[in-house]
Amino acid sequence: MFKIRKLIVTNNKKLSCPDFNIVKVEGNFLDVLYKTRDLIHLGYKLISHPLGASMRIMHSPVRSILMSNHVGSIDEESLEIIESSIEKYKISMGERTIDARNINDYELIDYELLKSAIRENDFINSIIKNNNI
């Protein structure tokens with residue numbers, strides 16, 4: 001059976017995942033959020049949350065977001081989450097400068113967070129499949 005690949009929206013220059021379609025974004029964290037919003041308007045759906053779990057990760061210039069393949073219609077929940085995330089990011093960052101000094105560390109952290117999101121998504125999907133949910 002043909003497996004439809006998921007989509008990763010990222011500005012992580014070191015990210016390479018052959019099993020996924022990757023949308024490379026030239027720019028910062030906010031640019032990744034904007035591109036993700038654009039894709040939601042085209043019918044893609046969020047799988048991972050656009051914001052990190054800590055304030056320190058929000059200061060990272062690097063972000064990768066896992067999305068579903070194109071589903072066709074706008075997912076209202078994804079749209080609400082991304083709009084809220086954009087506003088929260090702008091408020092949290094304020095006039096703060098992005099920490100580009102530690103870019104290599106942020107790229108590694110982003111990669112590890114993305115791997116975790118992929119594993120969690122696969123695990124949840126296997127539970128749903130095995131229990132006919």
Side-chain angles (χ1 to χ4, degrees):
M1 182 174 157
F2 177 71
K3 182 178 178 184
I4 298 175
R5 299 186 307 178
K6 292 178 179 62
L7 180 74
I8 297 170
V9 182
T10 187
N11 66 343
N12 189 338
K13 293 183 182 353
K14 293 185 178 175
L15 185 66
S16 174
C17 296
D19 293 335
F20 293 85
N21 292 319
I22 298 178
V23 175
K24 292 281 190 172
V25 176
E26 292 296 325
N28 61 27
F29 194 130
L30 189 58
D31 295 317
V32 173
L33 295 177
Y34 286 144
K35 183 61 176 179
T36 301
R37 181 182 59 189
D38 293 346
L39 290 167
I40 290 169
H41 280 286
L42 293 175
Y44 292 84
K45 182 179 178 179
L46 288 173
I47 293 176
S48 64
H49 198 282
L51 298 179
S54 73
M55 289 302 294
R56 187 70 184 142
I57 294 300
M58 292 244 305
H59 299 152
S60 167
V62 180
R63 185 65 177 154
S64 297
I65 299 172
L66 183 62
M67 301 185 78
S68 70
N69 51 324
H70 186 262
V71 293
S73 60
I74 295 175
D75 180 68
E76 295 297 327
E77 183 178 8
S78 292
L79 187 57
E80 185 177 318
I81 290 169
I82 194 66
E83 292 291 354
S84 173
S85 296
I86 290 169
E87 288 306 310
K88 287 177 183 173
Y89 180 80
K90 287 178 178 178
I91 290 168
S92 296
M93 288 304 288
E95 297 298 317
R96 180 182 292 258
T97 57
I98 293 171
D99 180 9
R101 181 174 41 121
N102 298 304
I103 189 78
N104 290 329
D105 294 334
Y106 284 123
E107 288 172 335
L108 178 61
I109 291 167
D110 176 71
Y111 175 71
E112 292 299 325
L113 290 171
L114 180 64
K115 279 192 335 187
S116 177
I118 292 167
R119 279 194 302 267
E120 287 177 27
N121 180 256
D122 289 345
F123 178 70
I124 291 169
N125 286 338
S126 71
I127 290 172
I128 290 169
K129 181 180 175 184
N130 292 334
N131 292 300
N132 295 319
I133 298 175

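Just so it is clear, the structure is predicted and the values come from calculations on it, not from any experiment. Throughout, numbering of the chain's residues begins at 1 and tracks the sequence. For the numbers below, each heavy atom of this structure counts, side chains included, while hydrogens, waters and symmetry mates do not.
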Spacing of Lys115 atom NZ and Leu15 atom CG [to the nearest 0.5 Å]:
11.0 Å

Should Leu113 and Arg63 count as side-chain neighbours, where that means a heavy-atom distance under 4.5 Å?
yes

Do Val25 and Tyr106 share a hydrophobic cluster, counting only Ile, Leu, Val, Met, Phe, Trp and Tyr and linking them when any side-chain heavy atoms are less than 4.5 Å apart?
no

Do Val62 and Ile109 sit in one hydrophobic cluster, given that two such residues count as connected whenever their side-chain heavy atoms are within less than 4.5 Å of each other, even indirectly?
no

Co-membership, hydrophobic cluster, residues Leu108 and Ile8, 4.5 Å side-chain:
no

Same cluster or not: Met67 versus Phe29, using hydrophobic residues (I, L, V, M, F, W, Y) connected whenever any side-chain heavy atoms lie under 4.5 Å apart?
yes

Could you check whether Ser116 and Glu112, counting side-chain N and O atoms only, form a donor-acceptor pair closer than 3.5 Å?
no

Would you call Leu46 and Thr36 a side-chain contact if the rule is heavy atoms closer than 4.5 Å?
yes

Any non-hydrogen side-chain atom of Tyr111 less than 4.5 Å from a side-chain atom of Thr10?
no

Is there a side-chain contact between Asn104 and Lys14 (heavy atoms, below 4.5 Å)?
yes

Atom of Leu79, atom of His41 and distance for their closest heavy-atom approach:
CD1-NE2, 3.5 Å

Say you draw a straight line from CD1 of Ile65 to CD1 of Ile47; how long is it, rounded to the nearest 0.5 Å?
12.0 Å

State, to 0.1 Å, how close Lys13 and Glu107 come at their nearest heavy-atom pair, and which atoms those are.
N-OE2, 3.9 Å

Closest heavy-atom contact between Asn12 and Ser64?
CB-OG, 4.0 Å

Please find the pair of heavy atoms, one from Asn11 and one from Pro61, that lie closest to each other, and give the distance.
ND2-O, 2.7 Å

Taking atom CG of Leu51 and atom CD1 of Ile82, what is their separation to the nearest 0.5 Å?
7.5 Å

Between OG of Ser84 and NE2 of His49, what distance do you get to the nearest 0.5 Å?
7.0 Å

Same cluster (ILVMFWY, side-chain, under 4.5 Å), Leu42 and Ile40:
yes

Tell me whether the count of non-hydrogen atoms from other residues, nucleotides or ligands lying under 6.0 Å of CD in Glu83 goes above 12.
yes

Compare every heavy atom of Lys45 with every heavy atom of Ser78, then report the nearest pair and how far apart it is.
OG-CG, 3.4 Å

Compare every heavy atom of Leu33 with every heavy atom of Ser85, then report the nearest pair and how far apart it is.
O-CD1, 4.2 Å

Give, for atom NZ of Lys6 and atom CG of Asn69, the distance between the pair rounded to the nearest 0.5 Å.
7.5 Å

What's the separation between atom CZ in Phe20 and atom CG in Leu114, rounded to the nearest 0.5 Å?
7.0 Å

